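What you are looking at is a predicted structure, and each value in this text was computed from that prediction instead of being measured.
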2 protein chains.
Amino acid sequence: MGRKRLQEPADGRPTVHTVAARAGVSIASASRVLNGIGGSPETIRKVRAAAAEVGYVPNAIARSLQSQRTGLVALAVEDIGNPVYVEMMRAIESVVASSGRQLLVHATGGRIDNETALLRRLANRYVDGMIVSPIRVTDDHLTALVDSPVPVVVVGQLGADAPVDNVRTDSRHGVALAVDHLVASGRRRIGFVNGPLDTVPGTARDAGFRAALARHDIRLDEDLIEVGDFQYAAGRAATERLLARTDPDALVCANDLIAVGALHALLAAGRRVPQDVAVVGMDDTELARMMFPQLSSVSLGSAARGRRAAELLLQRIADPTVPPRREQVPPSLAIRASSGPPLPAPRPAAPATTHPTSEGVTA
Amino acid sequence: MGRKRLQEPADGRPTVHTVAARAGVSIASASRVLNGIGGSPETIRKVRAAAAEVGYVPNAIARSLQSQRTGLVALAVEDIGNPVYVEMMRAIESVVASSGRQLLVHATGGRIDNETALLRRLANRYVDGMIVSPIRVTDDHLTALVDSPVPVVVVGQLGADAPVDNVRTDSRHGVALAVDHLVASGRRRIGFVNGPLDTVPGTARDAGFRAALARHDIRLDEDLIEVGDFQYAAGRAATERLLARTDPDALVCANDLIAVGALHALLAAGRRVPQDVAVVGMDDTELARMMFPQLSSVSLGSAARGRRAAELLLQRIADPTVPPRREQVPPSLAIRASSGPPLPAPRPAAPATTHPTSEGVTA
DNA sequence: TTGTACGCGTTATCAC
DNA sequence: GTGATAACGCGTACAA
């Protein structure tokens with residue numbers, strides 16, 4: 001015959017047993033009252049009183065073990081400091097929090113083994129679901145995504161038609177918007193400062209840039225393309241290399257951090273922006289509006305994608321049987337001072353120092 | 001007589017029971033092998049094989065219930081989008097992750113009830129500890145901090161000597177550094193764009209500013225003080241109000257976001273920076289180095305405070321009996337283009353367009 | 001309505 | 001070394 005279960009835990013913290021004993025009822029009754037299910041008025045009163053007296057708080061872990069739900073949602077991105085992920089995270093946190101859940105963040109550093117390890121670790125059920133925005137994808141990675149034991153939503157381009165919830169944008173089209181705008185403004189020697197080509201966004205944007213130039217019958221000068229990291233310092237260095245060998249009249253940058261780096265490189269090299277060189281960033285983060293001159297930037301709807309991804313994830317957690325969905329957020333171009341007004345609409349009064357709070361014209 | 005425990009869970013996922021049964025050993029042996037404690041070579045082989053065959057992964061929740069540890073650490077800040085908190089979060093995430101734990105983030109919106117609710121919720125043990133950086137503090141809040149059932153580390157000023165681990169900086173001294181620098185540069189009409197006065201950092205910086213001016217025997221003109229939110233838009237608006245009624249030759253700003261807003265307001269009003277008005281921000285985030293002209297800024301060691309807070313928390317989790325500690329990270333001033341070089345050291349070659357990557361001189 | 005007992009999945013204890 | 005079993009704290013069938 002097994003020994004009777006201890007009523008009081010060693011560390012003195014109250015449990016249902018404590019409350020039940022104090023109220024003079026069974027733990028079942030105590031549990032029911034505490035969860036608001038049934039109970040006679042008298043029982044309810046006694047249990048509530050006992051709970052209040054001992055300061056009872058239900059143990060989240062035990063509850064999770066029982067319910068098979070942790071109430072946690074994870075987010076894995078390359079760098080939680082990059083403004084584009086900050087915006088995404090903010091939107092996700094908001095959705096997650098208002099569903100009564102909590103957000104867990106992982107910085108993967110873009111290392112793919114890191115990310116797959118994270119995905120495999122999902123098998124231990126420490127979270128109810130995960131949002132991941134991979135910048136590099138391998139087959140291994142993909143299978144880890146597909147046969148994840150908990151719901152996963154991918155933000156970003158995903159090869160082929162993997163059966164995974166996916167919120168994407170069309171960054172090729174995004175680059176096209178930037179190029180079209182610059183061409184329309186009379187720019188012809190358009191440079192491109194990209195991120196690493198072994199990343200999904202890097203290749204997509206490269207392809208988009210080449211396609212856009214071709215569409216405008218502009219011969220591609222490889223000297224005008226430079227590659228670095230998706231960071232400020234790398235963007236600045238890449239732009240310096242580019243300027244050392246050629247002379248662009250416009251620069252498309254693969255994200256806003258790179259664009260800021262490019263801006264600094266240009267100004268340090270004595271180029272005026274936008275008079276000598278127009279600059280267009282990408283992601284349209286808060287940073288773009290904070291720069292001087294304010295940066296034109298292609299919005300890829302980071303906040304919207306984050307919000308949508310969170311919503312999809314919560315839906316799938318509620319009902320895991322829904323078929324995989326794929327949603328797309330269209331890019332849009334915000335034109336600001338760094339690329340000047342488009343040629344077709346010459347504005348005589350347009351000052352070089354555009355009013356900083358003026359929202360960009362969306363094309 | 002109780003029914004025998006089910007060997008296979010309903011959802012088909014393998015447990016220790018599954019592995020034990022398949023290996024033909026007891027769950028105790030299986031568990032031991034899986035945790036690398038003892039077992040005969042033969043048992044080890046069988047269990048490992050069985051585990052691999054069924055793809056066994058230990059359940060984190062069950063493990064937590066047993067170990068009374070979740071491996072999770074929470075961070076609660078006002079706004080996870082503010083660059084200063086981003087830097088802090090980055091540092092914390094790094095420390096937390098390298099200890100094998102994971103980081104959970106909460107955005108409190110600066111609402112104090114929100115934050116106390118979060119602290120009380122700690123009683124349910126969903127995390128092993130929490131780092132919180134409150135900008136408003138009440139008695140209620142303070143008691144919630146003190147008798148938190150799990151370790152809590154506070155980043156920021158905490159009234160009196162509350163028995164809570166605390167990593168702070170001296171923002172009053174930080175403001176003094178800025179004022180001293182500006183005075184040394186010959187500025188006399190020094191303005192101050194602050195955050196809300198009902199916040200801890202807001203009051204500290206206000207006091208610091210007044211004290212610093214007094215120390216230099218500069219009469220305080222209340223017109224030169226303006227208050228807004230700790231945000232970009234508010235900083236800009238506040239600066240516009242200030243410029244509408246008076247004419248400063250320098251501005252100290254309570255954080256970098258405000259400083260960027262101030263910069264835009266100044267430039268929009270036709271003031272040159274730093275020739276007409278010098279600007280000094282606070283927090284010395286990446287943003288300061290990204291602006292043009294680059295912003296002088298008082299570093300309050302956000303990353304260092306975050307890192308240290310995380311270390312203290314991990315220590316206390318490992319040994320909850322250590323007495324409460326209080327650590328202080330000294331502020332330092334990074335002088336950049338927005339406030340020009342100090343007068344005492346006139347540099348003939350100093351260009352208005354300082355090289356953007358140049359690290360500021362630390363005073 | 002109420003109480004008993006089981007199950008969630010794991011680790012730790014203690015006999016053998 | 002190994003196996004049976006208690007224990008973590010909770011929710012909930014099931015029977016009374």
Item to check | B:V57 vs A:S26, nearer the 5' end of DNA chain C by closest nucleotide | outcome: A:S26
Next on the checklist: Nearest heavy atom decides the nucleotide; on that basis, is B:S40 or B:L65 closer to the 5' end of DNA chain D?
Outcome noted: B:S40
Item to check | Whichever of A:A28 and A:P41 has its nearest DNA chain C nucleotide further upstream toward 5' | outcome: A:P41
Checklist entry - In whole Å, what is the span from the CZ atom of A:R13 to the C1' atom of D:dG9? => result 11 Å
Checklist entry - Roughly, in whole Å, what's the span from CD1 in A:I27 to P in C:dA5? => result 11 Å
Next on the checklist: With rounding to the nearest 0.5 angstrom, report the CZ to CG distance, A:R307 to A:L312.
Outcome noted: 11.5 Å
Item to check | Value in whole Å for how far the C1' atom of C:dT2 lies from CD of A:E42 | outcome: 14 Å
Checklist entry - To the nearest angstrom, how far is A:R63 atom CZ from D:dC8 atom P? => result 18 Å
Next on the checklist: Expressed as a whole number of angstroms, how long is the span from A:N59:CG to C:dC8:P?
Outcome noted: 19 Å
Next on the checklist: Need one value for B:G39: base, sugar-phosphate or nothing, where a base atom within 4.0 Å counts as base even if backbone is also close, heavy atoms only.
Outcome noted: sugar-phosphate
Item to check | Any donor-acceptor N/O pair under 3.5 Å between C:dG9 base and B:Q66 side chain | outcome: no
Checklist entry - Taking the side chain as C-beta and beyond, is there a heavy-atom pair between B:R168 and B:V329 under 4.5 Å? => result no
Checklist entry - Atom CD1 of B:I317 and atom CZ of B:R69: how far apart are they, to the nearest 0.5 Å? => result 6.5 Å
Item to check | Nearest-0.5 Å distance that lies between atom CG in A:L75 and atom CE in A:M89 | outcome: 7.0 Å
Checklist entry - Is there a donor and acceptor pair, one atom on the side chain of B:R32 and one on the base of D:dG3, closer than 3.5 Å? => result yes
Checklist entry - Which nucleotide in the set D:dA13, D:dC8, D:dC10 lies at the smallest distance from any side-chain heavy atom of A:P58? => result D:dC10
Next on the checklist: Looking at A:D139, I'd like to know if its CG atom is crowded, meaning that more than 12 non-hydrogen atoms belonging to other residues, nucleotides or ligands lie closer than 6.0 Å.
Outcome noted: no
Next on the checklist: Looking at C:dT10, I'd like to know if its phosphate oxygens (OP1 or OP2) sit under 4.0 Å from a side-chain N or O belonging to B:Y56.
Outcome noted: yes
Next on the checklist: What is the separation between atom CZ on B:R69 and atom P on D:dA7, rounded to the nearest whole Å?
Outcome noted: 22 Å
Checklist outcome for this item: note: A:R45, atom CZ; C:dT1, atom C1'; distance rounded to Å ~ 16 Å
Checklist entry - Separation of B:H17 atom NE2 from C:dT10 atom P, in whole Å? => result 8 Å
Checklist entry - Is the phosphate of C:dT11, meaning OP1 or OP2, less than 4.0 Å from a side-chain N or O of B:S31? => result yes
Item to check | side-chain N/O A:T43 vs C:dT2 OP1/OP2, d < 4.0 Å | outcome: yes
